[in-house]
2 protein chains.
Amino acid sequence: MTTTVLLVDDHPVVRSGLRAVLESDSVHVVGEAATGEEAVALAAHLHPDVVLCDLRLGAGIDGVQTTAALRALEPAPAVLILTTFDRDAEILGAIEAGAAGYLLKDVAPDVIIEGILRAAGGDMFLAPDLADRVLKGMRNPLPKLTEREVEVLRLLATGASNKEMARALFVTEATVKSHIAHIFTKLSVDSRSRAIHVAQETGLI
Amino acid sequence: MTTTVLLVDDHPVVRSGLRAVLESDSVHVVGEAATGEEAVALAAHLHPDVVLCDLRLGAGIDGVQTTAALRALEPAPAVLILTTFDRDAEILGAIEAGAAGYLLKDVAPDVIIEGILRAAGGDMFLAPDLADRVLKGMRNPLPKLTEREVEVLRLLATGASNKEMARALFVTEATVKSHIAHIFTKLSVDSRSRAIHVAQETGLI
DNA sequence: CATTGCATCATCCGTTTGGGTGAGACTTTT
DNA sequence: AAAAGTCTCACCCAAACGGATGATGCAATG
């Protein structure tokens with residue numbers, strides 16, 4: 001029995017590649033979507049066994065949000081995340097959103113097929129080089145930042161001074177300092193540069 | 001007459017996609033390479049009209065170096081850069097290394113084909129949304145940093161303090177401050193965070 | 001309704017950073 | 001040989017930052 005798959009990627013070339021590589025006795029590609037919104041609409045209609053989804057989708061909702069929306073469908077397809085990057089925060093986000101697995105784009109085609117079949121069977125499937133990191137991430141999850149803190153962190157990452165952030169956010173410098181102090185504590189750092197670094201490394205921003 | 005093309009990308013899926021998308025009356029894919037080294041070796045042997053090359057090639061030499069090596073062949077193939085990112089420094093690097101053009105991966109297949117044909121004909125071909133930026137980059141080229149300065153900048157971007165950099169580089173803090181002062185001047189910034197930001201934005205690091 | 005969490009602001013204080021200036025040693029270029 | 005560029009270092013000073021502590025208002029949670 002063949003497993004039906006919906007492809008979600010904003011690059012036409014990648015979709016064609018996946019189609020070419022996946023189509024076989026055991027896997028049948030029933031549709032393609034370029035955005036998360038399109039993916040959800042198509043999945044609701046086509047009922048694929050598995051949705052193979054990029055985490056980075058140019059415009060619109062991102063891969064994590066798409067995963068969550070797909071998993072809320074009835075019946076819910078298994079969602080397999082396929083992407084170029086291995087950012088901890090996003091792996092965890094996708095898994096938490098109900099993804100069955102996570103593969104890097106540079107793996108061999110047969111690994112992807114294997115992942116699809118296992119995802120269709122209800123298995124979890126993680127690229128070996130990532131399993132470790134995911135587990136580590138689960139052991140020391142990054143403390144969650146509040147919306148405001150993320151906002152400050154983003155400004156911080158653009159190189160803004162406290163004064164500039166205060167102006168941009170319509171608050172006093174004291175408030176900005178307060179937010180930054182909290183951010184530093186949560187990220188276990190003691191300088192803006194290091195905060196930027198860990199924020200980027202963990203995919204927090 | 002058909003134009004012969006060599007594909008260079010570290011992702012098998014992308015290569016398959018490109019092959020599926022490009023193969024036509026006017027374009028014939030004569031080979032695929034996963035690394036820059038492999039690309040040069042194959043190109044020397046297959047003499048393709050055009051090499052379609054990703055800038056980011058997991059292991060080994062990068063796209064810019066590959067471009068330079070390919071252009072040094074006799075006869076030299078036209079090199080068309082195809083990538084996901086639009087980092088100014090790399091665009092310029094590839095153009096300087098002799099690339100005929102630069103396309104983003106999310107463009108439509110027929111745009112890629114058009115780019116290949118024009119590259120084969122000796123034209124320059126830039127994705128429209130990039131041409132502006134390239135020209136801007138040429139008008140305000142980033143002042144070149146010395147090796148030492150780049151080294152300091154990299155450390156800076158990891159969040160290191162002056163003291164830590166001094167230790168890491170076996171110099172005094174005064175020296176580190178001196179380098180940083182020069183970096184700031186060259187990048188026209190006045191804080192470490194902003195230096196990190198422009199360095200990343202311009203692909204300097 | 002009490003508690004908790006968030007965002008806001010303040011003051012004090014020590015440390016780090018950034019800016020200016022100058023200078024010696026070594027290499028490459030002219 | 002002179003000039004230019006790089007890397008190294010030092011000193012001074014003002015501004016920005018980071019840490020500690022505490023307080024207010026407000027919404028959500030229990």
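The sequence lines fix the lettering, A, B, ..., with proteins before strands; numbering per chain opens at 1.
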| query | With a 4.5 Å heavy-atom cut-off, do B/D54 and B/V8 have their side chains touching? | reply | no
| said: I want to check something: taking the side chain as every heavy atom from C-beta on, are B/D62 and B/L57 in contact at a cut-off of under 4.5 Å? | reply: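 In short, these two side chains do not touch, never coming nearer than 4.5 Å.
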Is there any salt bridge (charged side-chain N to carboxylate O under 4.0 Å, His left out) pair reaching into [range], and which pairs are they, with sequence neighbours excluded?
range	answer
residues 151-160 of chain B	B/R148-B/E151
residues 160-173 of chain A	A/E164-B/R194
residues 31-52 of chain B	B/R15-B/E32, B/R19-B/E32

| Can you tell me how far the CD1 atom of A/I61 sits from the OG1 atom of A/T66, to the nearest 0.5 Å? | 3.5 Å
| Gap between atom NZ of A/K105 and atom CG of B/D9 - 0.5 Å precision | 10.0 Å
Please enumerate all protein N or O atoms sitting under 3.5 Å from an N or O of nucleotides 9-18 of chain C, with distances to 0.1 Å.
| residue | atom | partner | partner atom | Å |
| --- | --- | --- | --- | --- |
| C/dC9 | OP2 | A/T172 | N | 2.7 |
| C/dC9 | OP2 | A/T172 | OG1 | 3.4 |
| C/dC9 | OP2 | A/T175 | OG1 | 2.6 |
| C/dC9 | O5' | A/T172 | OG1 | 3.3 |
| C/dC9 | O5' | A/T175 | OG1 | 3.3 |
| C/dT17 | OP2 | B/N162 | ND2 | 3.4 |
| C/dG18 | OP1 | B/R192 | N | 2.9 |
| C/dG18 | OP2 | B/R192 | NE | 3.0 |
| C/dG18 | N7 | B/K177 | NZ | 3.2 |
| C/dG18 | O6 | B/K177 | NZ | 2.7 |

Would you mind reading off the distance between [X] atom [atom1] and [N] atom [atom2], rounded to a whole angstrom?
X	N	atom1	atom2	result
A/L145	C/dA7	CG	P	10 Å
B/R194	C/dG19	CZ	P	12 Å
B/K144	D/dG5	NZ	C1'	14 Å
B/H182	D/dT6	NE2	C1'	9 Å
A/E147	D/dA28	CD	P	13 Å
B/E149	D/dG5	CD	P	13 Å
A/I183	D/dC17	CD1	P	14 Å
B/L169	D/dC9	CG	P	10 Å

| If we fit an axis to the first five pairs and another to the last five of the helix from C/dC1-D/dG30 to C/dT30-D/dA1, what angle do they make, to the nearest 10°? |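 Between the axes fitted at each end of the helix from C/dC1-D/dG30 to C/dT30-D/dA1 lies an angle of 50°.
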| said: Hydrogens and angles aside, do B/T172 and B/T175 bring a side-chain donor and acceptor to less than 3.5 Å of each other? | reply: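 B/T175 and B/T172 do have a side-chain donor-acceptor pair below 3.5 Å.
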| message | Checking B/T146 now: which residues fulfil side chain to side chain donor-acceptor pair (under 3.5 Å) with it, not counting sequence neighbours? | response |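 Only B/E149 meet the side chain to side chain donor-acceptor pair (under 3.5 Å) criterion with B/T146.
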| message | I want to check one thing: is the phosphate of C/dA7, taken as OP1 and OP2, less than 4.0 Å away from some side-chain N or O of A/T146? | response | yes
